[in-house]
Amino acid sequence: MARFYFHVHDGVSPIDTEGTDLPDWQTARTEAIQLAGEIPKDNAPRIALDEDWRIEVTDHTGLMLFQMTFQVIASPILERTARDEVGAD
């Protein structure tokens, strides 16, 4: 077993200081993917347009093994609509 750390960089979550014992990095990758699915499900209102967040998985030495990056990007039509609404005030 090895210890893996799942650091969520979203401006809110603390760094993982406990880690999780898993058999290998492939299992850690699967765990990270499952975690990535839980974050928007549990925090959807907090995830704003044009913000990004990521999960970094490190080993016990702090070496980053992989990261998953997520970004919510507004369509140009939404940006134009927002500008039009501001100008209408």
Side-chain angles (χ1 to χ4, degrees):
M1 289 289 219
R3 186 164 295 263
F4 297 91
Y5 297 84
F6 299 83
H7 305 300
V8 177
H9 298 274
D10 62 358
V12 178
S13 301
I15 297 296
D16 180 5
T17 58
E18 294 181 26
T20 304
D21 288 328
L22 297 168
D24 52 37
W25 71 267
Q26 292 92 339
T27 305
R29 181 184 59 200
T30 300
E31 291 289 321
I33 292 168
Q34 290 174 340
L35 174 60
E38 293 297 317
I39 290 171
K41 184 177 89 173
D42 295 339
N43 300 288
R46 195 182 72 191
I47 299 172
L49 285 174
D50 298 323
E51 288 188 1
D52 62 341
W53 55 280
R54 70 185 186 282
I55 299 172
E56 293 178 351
V57 178
T58 64
D59 68 7
H60 69 283
T61 68
L63 175 67
M64 186 175 68
L65 303 174
F66 55 89
Q67 91 175 5
M68 296 184 296
T69 303
F70 305 88
Q71 188 172 18
V72 180
I73 301 171
S75 162
I77 191 69
L78 289 180
E79 293 173 4
R80 189 176 71 204
T81 301
R83 281 194 309 269
D84 292 347
E85 289 173 357
V86 170
D89 289 337

**Message:** Tell me every residue that passes side-chain contact (heavy atoms from CB on, under 4.5 Å) with Pro14, counting only those two or more places apart in sequence or in another chain.
**Reply:** none
**Request:** Mind checking side-chain contact (heavy atoms from CB on, under 4.5 Å) for Thr61 and listing every partner two or more places apart, or none if nothing turns up?
**Result:** Asp59, Leu63
**Request:** Would you list the pairs meeting salt bridge (Lys or Arg N to Asp or Glu O under 4.0 Å) in which at least one residue belongs to residues 12-36, sequence neighbours left out?
**Result:** Arg3-Asp21
**Complete:** On a heavy-atom basis, the closest approach of Phe4 and Trp25 is CZ-N, 3.6 Å
**Same apolar cluster: Phe66 and Tyr5, side chain cutoff 4.5 Å** = no
**Asked** Roughly how far, to the nearest 0.5 Å, is the CD1 atom of Ile15 from the OG1 atom of Thr58?
**Response** 9.0 Å
**Prompt:** What pairs with His60 under side chain to side chain donor-acceptor pair (under 3.5 Å), at least two apart in sequence or on another chain?
**Reply:** none
**Prompt:** Same cluster for Val57 and Leu22 if Ile/Leu/Val/Met/Phe/Trp/Tyr side chains link at under 4.5 Å?
**Reply:** yes
**Request:** Name all residues meeting the side-chain contact (heavy atoms from CB on, under 4.5 Å) criterion together with Thr69; count only those two or more places apart in sequence or in a different chain, and write none if there are none.
**Result:** Arg54, Gln67
**Prompt:** With Gln26, which residues qualify under side chain to side chain donor-acceptor pair (under 3.5 Å), at least two apart?
**Reply:** none
**Complete:** By side-chain contact (heavy atoms from CB on, under 4.5 Å), Met68 pairs with (sequence neighbours left out) Ala32, Ile33, Ala36, Ile55, Phe70
**Message:** A side-chain contact here means heavy atoms from C-beta on lying under 4.5 Å apart; do Glu56 and Val8 qualify?
**Reply:** no
**Message:** Once side chain to side chain donor-acceptor pair (under 3.5 Å) is applied, do any residues pair with Thr20, and if so which ones, sequence neighbours excluded?
**Reply:** none
